[in-house]
Amino acid sequence: MSAALADPPVRTPGTLALALTVNGVARRVEAEPRSHLGDVLRERLDLTGTHLGCEHGVCGACTVLIDGEPARACLTFAGACAGAAITTVEGLDGDAIAADLRAAFNREHALQCGYCTPGMLVAARDLVLRLPEADERRIRVGLSGNLCRCTGYAGIVRAVTSVIAERRARGIGPVSGAERALGPVGARIGAADATPVARPVPVPAKAPAAAPASVSDLGAAFTPAHSFTQTIDLAHPPEAVFALFGDIEAVAACLPGAVLTGRPAADEVEGGLQVRIGPIGATFRGRARIAHDPERLSGTVRGAGADAGGRSATEGQIRYRVGPGEAPGTARVLLDVGYTLTGPLAQFGRPGLVRDLAGRITADLARNLDARLSGAAAPAAAGLNPLRLLAALVRARLAAWRGRA
Ligand code: FES
Ligand code: FES
């Protein structure tokens, strides 16, 4: 019996209740926060056409469409898909392109054991939709994120080539008008070689999984995927600290990795933030809106941005409140941080790591704010030192493990 819930009456503690559209049907399903989409599709919704091979983003067997874009189900937290439209290979049963591809795969001996075939069909369909012509090199690049142990690829490439050629000969052009590169979300190889072409699938859509552009607009409503709190203790009166928070340029100069790209207005600022987690780095450019409440000594900073290649994107909100510290004449700043991260960086940016990283950045910020409030020289270069941060993270993790041992 399917474990999908029409409307889960009682949610198991610690699980998420997700509303998704899967293959055109609204579904509600429970999932643990750590569950990836592939497991939820297979084990909770009985959609076993989505295969799992490597489970770390290499083989492409788990490729599905998320809001019309090919994506690795094994790298996608199910919880990040709330409200999304998911299309699995089962959802392509009545699809004309998929039918042409199935026939061509049979004709060209493009499968043997068939393990790679569901992901291969989803990826191939995207190429058929969007490549202007049957270009073997671009087909091979487009399928390079889908591994096949059996066929040697020649039959697969022939099959895809024949379907594209036959459709273009019938006067069916590529879908045009979109800007994204070929390949699965988060694993787009050869993006520089790919012609930017069409958003392919007319499934109900919400925002794409990775923002394509450099500067994002701030959406009207924002529900962060993750949140945490931080505190900063400063040896200065709350009023002085709050006044400094009103000086955007001064705060930006104190924030490691931050640069302003223009003169800030009273309530809006444009700039960039360099972030590096493990082997993946990104410089986010974006915009933030700022609101201060002098009566409550509090405020909100709400921002969104994307990295230069548009492969990782973030949206976040920081609420702060300045209050008295433990000692007279000191201040304690409470920060409520909420954020959503998408794209390759999200695959490394597990909430625990991000929290640790934020803790290190906040410690640097506090030191720099303290120096500025003390009238000391402007803080030294505000650049983020990824090696130092990473070393600090590793030290902290080792200390925590040793403490547990
Ligand atoms: S199972 Fe291999 S990429 Fe997802
Ligand atoms: S047909 Fe066996 S892995 Fe591709």
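In listed order, ligands and their atoms are each counted from 1. Predicted model only: the values in this text are computed from it and were never measured.
For atom 4 (Fe) of ligand 2, protein N, O or S atoms under 2.8 Å: 2 in total.
Shown here are the protein N/O/S atoms lying under 2.8 Å from atom 4 (Fe) of ligand 1, water excluded: Cys62 SG, Cys74 SG.
Scanning for ring-ring contact (aromatic ring centres under 6.0 Å, His included) contacts around His236 gives an empty result, with sequence neighbours left out. Remark: Tyr153 pairs with no residue by the ring-ring contact (aromatic ring centres under 6.0 Å, His included) rule, at least two apart or across chains.
The side-chain heavy atoms of Phe105 and Leu121, taken from C-beta on, include a pair separated by under 4.5 Å. Between Thr63 and Asn146, some side-chain heavy-atom pair lies under the 4.5 Å cut-off. Between Arg42 and Leu47 there is no side-chain heavy-atom pair separated by less than 4.5 Å. At least one side-chain heavy atom of Cys81 sits less than 4.5 Å from a side-chain heavy atom of Thr76. Side-chain atoms of Thr48 and Thr50, non-hydrogen and from C-beta on, never get closer than 4.5 Å to each other.
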Next on the checklist: Let's go through Thr330 and Asp233 carefully: what are the C-alpha distance in whole Å and the side-chain angles of both, what is the deciding distance for side chain to side chain donor-acceptor pair (under 3.5 Å) to 0.1 Å, and is it a yes or a no?
Outcome noted: CA-CA 8 Å; Thr330 66; Asp233 287 309; over 6 Å; no
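Shown here is Arg170, whose CZ atom has more than 12 heavy atoms of other residues, nucleotides or ligands within 6.0 Å.
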